[in-house]
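For clarity, every value in this text was computed on a predicted model and none was experimentally measured. Below, all heavy atoms of this structure are taken into account, side chains as well, without hydrogens, waters or symmetry copies.
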2 protein chains.
Amino acid sequence: MQNFSIGKLSEQTGCKIPTIRYYEDEGLIQQPYRTEGNQRRYNREHLKRLSFIMHSRELGFTLDEIRELIGLSNNEHVGHDADLIAEKHFQSVERKIARLQSLSKELRNMLDACSHAETDRCKVIEALFDHSLCLNEH
Amino acid sequence: MQNFSIGKLSEQTGCKIPTIRYYEDEGLIQQPYRTEGNQRRYNREHLKRLSFIMHSRELGFTLDEIRELIGLSNNEHVGHDADLIAEKHFQSVERKIARLQSLSKELRNMLDACSHAETDRCKVIEALFDHSLCLNEH
DNA sequence: TCTTGAACCTCTAGTTACTAGAGATTGTAG
DNA sequence: CTACAATCTCTAGTAACTAGAGGTTCAAGA
């Protein structure tokens with residue numbers, strides 16, 4: 001099923017219609033084909049791209065970072081350049097995974113605790129506290 | 001080392017000064033002690049809280065979601081209520097981890113490919129494309 | 001103790017990433 | 001060939017910051 005309207009794209013992805021148009025203005029989504037009457041018509045590539053953007057946003061990437069990731073996927077950067085960008089994102093992704101795993105563990109603990117006991121002080125905040133930030137005192 | 005200025009807090013965490021004041025206005029950070037001359041003085045609790053907020057933001061949580069997580073940590077919700085909130089966040093965290101792992105794998109592949117070969121079309125976008133979103137066609 | 005410049009204060013206005021609404025045009029089921 | 005839902009553009013509003021103006025406070029050094 002190709003050539004669908006902005007309403008269908010919005011429905012399929014859960015992305016609001018004005019947001020889709022905004023991403024187009026920002027150059028994050030390829031300009032779609034237009035009907036005689038100037039209405040947008042999308043295909044599977046647009047769907048894939050929009051899905052990528054939405055997930056990236058949920059994961060905390062900025063639009064500029066997403067632009068860079070799209071560039072990588074399109075082989076717009078070559079060799080060393082691409083290497084550096086990919087490495088940078090790889091490291092930030094690994095850090096995010098580590099933090100989320102720590103948070104996940106604390107939430108899991110909470111759920112386990114709540115089911116049988118009562119007031120165990122939860123350590124959700126400690127989970128994402130970066131101890132390397134401690135002010136110097138020992 | 002207790003009782004430090006907003007400048008020191010900013011330096012320790014990497015959070016800009018106006019942002020720290022903004023989080024205070026939003027009730028995300030406890031109001032700090034003020035000197036005679038009305039200047040803010042912070043302690044380790046503030047540092048921990050701010051560090052948590054910053055990491056949560058990087059991980060894509062909204063300020064409202066962060067408020068909820070802080071509420072959990074403070075035992076402001078009890079029993080079933082807390083359970084539901086924790087469960088909701090636990091699931092969203094697990095989904096984020098899965099997506100980041102997929103993205104991490106693709107970036108790793110890119111880095112490995114770049115080091116020996118040349119133009120392998122990267123699958124960064126496919127990594128975060130949710131196939132359950134596919135339009136119906138088979 | 002007194003000075004003086006860096007750091008802090010509040011308040012207003014600008015930026016990014018959306019989101020909602022007004023008013024006009026187009027697409028399509030009946 | 002209607003009629004009305006969906007689309008169009010454009011302007012303005014929201015969330016989460018961020019920068020700057022104009023004024024006050026803090027603390028190191030004379």
Checklist entry - Hey, which of B/Arg49, B/Met54, B/His55 is the one that makes side-chain contact (heavy atoms from CB on, under 4.5 Å) with B/Ser51? => result B/His55

Item to check | Step-by-step side chain to side chain donor-acceptor pair (under 3.5 Å) determination, B/Asn74 to B/Glu76 | outcome: CA-CA 5 Å; B/Asn74 289 350; B/Glu76 279 164 21; 3.3 Å; yes

Item to check | Closest to the B/Tyr22 side chain, choosing from D/dA16, C/dC8, C/dC18 | outcome: D/dA16

Checklist entry - What is the distance from CD1 of A/Ile17 to P of C/dA20, rounded to the nearest Å? => result 11 Å

Item to check | For atom CD1 of A/Ile20 and atom C1' of D/dA6, their distance in whole Å | outcome: 13 Å

Checklist entry - Hey, is the side chain of A/Arg34 poking within less than 4.0 Å of OP1 or OP2 on D/dT9, counting only N and O atoms? => result yes

Next on the checklist: What is the distance, to the nearest angstrom, from the CG atom on B/Leu9 to the P atom on C/dC9?
Outcome noted: 11 Å

Checklist entry - So does A/Tyr23 get a side-chain nitrogen or oxygen closer than 4.0 Å to the phosphate oxygens (OP1/OP2) of C/dC18? => result yes

Measure all distances between protein nitrogen or oxygen atoms and nitrogen or oxygen atoms of nucleotides 3-5 of chain C, and list the pairs falling under 3.5 Å.
none

Next on the checklist: Donor-acceptor pair, distance only, cut-off 3.5 Å: does the side chain of B/Ser102 make one with the backbone of B/Leu128?
Outcome noted: no

Next on the checklist: If the cut-off is 4.0 Å, is B/Ser5 near the phosphate of C/dA7, judged by side-chain N/O to OP1 or OP2?
Outcome noted: no

Checklist entry - Looking only at side-chain N and O atoms, does A/Thr62 come under 4.0 Å of OP1 or OP2 in C/dT16? => result no

List, with names and distances, any nitrogen or oxygen atoms from the protein found under 3.5 Å away from nitrogen or oxygen atoms belonging to nucleotides 1-4 of chain D.
none

Next on the checklist: Distance check needed: C/dC9 C1' versus B/Asp25 CG, whole Å only.
Outcome noted: 13 Å

Next on the checklist: Is the phosphate of D/dA19 approached by B/Lys16 (side-chain N or O, under 4.0 Å from OP1 or OP2)?
Outcome noted: yes

Checklist entry - Is the backbone of B/Asp112 close enough, under 3.5 Å, to the side chain of B/Arg108 for a donor and an acceptor to pair up by distance? => result no

Checklist entry - Starting at CE of A/Met54 and ending at P of C/dA17, how long is that distance when rounded to a whole Å? => result 16 Å

Item to check | Separation of atom NZ in B/Lys8 from atom P in C/dA7, rounded to whole Å | outcome: 8 Å

Item to check | Atom of A/Glu45, atom of A/Gln30 and distance for their closest heavy-atom approach | outcome: CB-NE2, 4.1 Å

Checklist entry - Side chains of A/His89 and A/Glu65: is there a donor and an acceptor less than 3.5 Å apart? => result no

Item to check | Backbone of A/Glu26 reached by a side-chain donor or acceptor of A/Arg67 within 3.5 Å | outcome: yes

Checklist outcome for this item: Taken to the nearest whole Å, CG/A/Leu50 to P/C/dA17 is 16 Å

Item to check | Under 3.5 Å donor-acceptor, A/Gln2 side chain and A/Arg44 backbone | outcome: yes

Checklist outcome for this item: Closest to the 5' end of DNA chain C, once A/Leu63 and B/Arg40 are matched to their nearest nucleotides, is B/Arg40

Item to check | Side-chain N or O of A/Thr19 closer than 4.0 Å to phosphate OP1/OP2 of C/dC18 | outcome: no

Polar atoms only, N or O, under 3.5 Å: list the protein pairs with nucleotides 27-30 of chain C and their distances.
from	atom 1	to	atom 2	distance (Å)
C/dG27	OP1	A/Thr35	OG1	2.9
C/dG27	OP1	A/Gly37	N	3.2

Checklist entry - Is there a donor-acceptor pair under 3.5 Å between the side chain of B/Lys96 and the backbone N or O of B/Leu59? => result yes

Next on the checklist: Would you say NZ of B/Lys105 has more than 12 non-hydrogen atoms from neighbouring residues, nucleotides or ligands within 6.0 angstrom?
Outcome noted: no

Checklist entry - With sugar-phosphate meaning primed atoms plus P, OP1 and OP2, does B/Arg21 contact a base, only sugar-phosphate, or nothing at under 4.0 Å between heavy atoms? => result base

Item to check | Short side-chain to backbone donor-acceptor contact, B/Ser10 and B/Cys15, under 3.5 Å | outcome: yes

Checklist entry - Please give, in whole Å, the distance from C/dC9 C1' to B/Glu24 CD? => result 12 Å

Next on the checklist: Measuring from atom CD1 of B/Ile6 to atom CD of B/Gln39, what distance do you get when rounded to the nearest 0.5 angstrom?
Outcome noted: 9.5 Å

